[in-house]
Protein chains: 2
Amino acid sequence: MSTRRRVSNLLGLAVLGLLQESPMHPHAMAAAFRERGLDSAFKLTTGSLYDTVNALLRAGWISAVEITRSGNRPERTVYAHTPLGRQEFLRWLDELLRTPAAEYPKFLSAVTYLGALGKEGAAAALRARSAALRTLIDDARRDHARVVDGGLAPRLFVIEVEYAVRMYEAELGWVEEIITEIETGALEWPQGVATEAGEVRG
Amino acid sequence: MSTRRRVSNLLGLAVLGLLQESPMHPHAMAAAFRERGLDSAFKLTTGSLYDTVNALLRAGWISAVEITRSGNRPERTVYAHTPLGRQEFLRWLDELLRTPAAEYPKFLSAVTYLGALGKEGAAAALRARSAALRTLIDDARRDHARVVDGGLAPRLFVIEVEYAVRMYEAELGWVEEIITEIETGALEWPQGVATEAGEVRG
DNA sequence: GCCCGTATACTCGGATCCGAGCGATCGGAA
DNA sequence: TTCCGATCGCTCGGATCCGAGTATACGGGC
């Protein structure tokens, strides 16, 4: 069916997004990124950034517009999006929004083997997660409120935080239900699916 | 702080999990995997499987127990977990459950640029997603019910499906709220954050 | 005037990931 | 009997990812 994406790293979407506004060199992208908190939605590492920029270049979605140098520092290559790049940005975005993709979050994988920790072990781990989730939610909520209530940016520009919070809350809810079910015995723990106590937190 | 995991691919967790039960060769693992539907929680590709097994071997968490051959087929190397491997399995599991890790789901990244599609474009894409999510949820629910109500396996063994469904539902809820907010105008769409109509679905 | 920490800007090599491909066997239909 | 598709089991090479490393410049304290 649809052939594999020419650039698959999502960082490429972010780069295209930044370049919609103005041409930039990679290091400036990284700075812009962190400044706007985009690095909570995209995984940014310097290595990947340069690789991704090169991939976009090969695909013809961006182009180098100038190479400058100040003093004896390394050259800075400034990139801009091409018309093709703009089109692809929108098409990619549309596809990502439209189609739920199979993802493999670590927690989902771990839950698959929940039984292996034994009732006590599982409950303890989940309690720790529950506490951590609360902190994450509080922090994200606070940040969001600061930006929106402070009029620093329109709500649309931080809408992804609302999504993230909602998902964290859902996870928290589930985790707490399962803790309760373990404690009350509502979740049956079959024989042989358990662990000698104390084997884990050594 | 804590040094990087020796084996980072989560597939390694699944392999360790399978080997808790009995020694196996990689091809059999792949089969067991699919048979139990583990491949919805772990990303399985043949290449990665062999790489992962090798990594586990290097780390000393599994060991080769025999090499058999039937007829002139390729050799089959059968692996078993080591005591260290069992310990690591539990430790890893515990850590994954306990600590929410930064993940970068595609949808979160895409939502960050929701504005770029314009009100109409964004609403259309989200409507499509909403429909797709409903299907996913229905399918997962049906599967879960078949297994549990049919007594094919204890509920604990398919608990991850409950988690997945819960998360899909949360996402669906959010998506539908945003669609409504776009339609009613409750979500303000700042000037200049829009797209010429028809640019996307070419 | 010198030192040191921070910012600028990118490179590099190794680890990881993955899907196409390969050579063999097996079972069933013609 | 012979062919063909399905299954068995693994290999390979290219793509991707990433963090440590490199090299220069700037600024402020003493």
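Chain identifiers are assigned alphabetically (A, B, ...) following the order of the sequence lines, protein sequences preceding nucleic acid strands; residue numbering begins at 1 within each chain. Side-chain atoms are counted along with the backbone in the values below, which use heavy atoms only and exclude waters and symmetry mates.
Regarding B/L11, its CG atom lies at a distance of 9 Å from the P atom of C/dC18, rounded to whole Å. The CZ atom of A/F33 sits 19 Å away from the C1' atom of C/dA7 (whole-angstrom rounding). The CZ-C1' distance, from B/R34 to D/dG9, rounds to 12 Å in whole Å. Here the C1' atom of nucleotide C/dG14 and the CZ atom of B/R58 are 12 Å apart, to the nearest Å. Here C/dT11 presents its P atom at 13 Å from NE2 of A/H25, a figure rounded to the nearest Å.
Over its full length, the helix from C/dG1-D/dC30 to C/dA30-D/dT1 turns its helical axis through 0°, comparing axes from the five pairs at each end and rounding to 10°.
Two residues are said to be in side-chain contact when any heavy atoms from C-beta on lie closer than 4.5 Å; B/L152 and B/R146 meet this criterion. Under the 4.5 Å side-chain criterion, counting only non-hydrogen atoms from C-beta, A/V161 is not in contact with A/V147. Between A/H144 and A/V165, every side-chain heavy-atom pair lies at or beyond the 4.5 Å cut-off.
Listed by first and then second residue, the side chain to side chain donor-acceptor pair (under 3.5 Å) pairs that reach into residues 53-62 of chain A come to none, sequence neighbours excluded.
Taking the ring-ring contact (aromatic ring centres under 6.0 Å, His included) definition, one finds that A/Y113 meets it with B/F89, sequence neighbours left out. B/W92 pairs by the ring-ring contact (aromatic ring centres under 6.0 Å, His included) definition with nothing, not counting sequence neighbours. Considering only residues two or more places apart in sequence or on other chains, B/A170 meets the side-chain contact (heavy atoms from CB on, under 4.5 Å) condition with A/M167, A/A170.
Comparing B/T77 and A/A55 against DNA chain D, the residue whose closest nucleotide sits nearer the 5' end is B/T77.
The stretch residues 39-54 of chain A touches DNA chain D through A/K43, A/T45, A/T46, A/G47, A/S48, A/D51, each having a heavy atom within less than 4.0 Å of the strand.
With salt bridges taken as basic N to acidic carboxylate O contacts below 4.0 Å, none links A/K106 and B/E95. Ion pairing between a basic and an acidic side chain is recognised when a charged N comes within 4.0 Å of a carboxylate O; A/D139 and A/R142 show such pairing.
Of all nucleotides listed (D/dC10, C/dA9, D/dT16), D/dC10 comes nearest to the side chain of B/H27. For A/N9, whose side chain is taken as the heavy atoms from C-beta onward, the closest listed nucleotide among D/dG9, D/dC17, D/dT16 is D/dC17.
Taking side-chain N and O atoms only, A/R76 has no distance below 4.0 Å to OP1 or OP2 of C/dA7.
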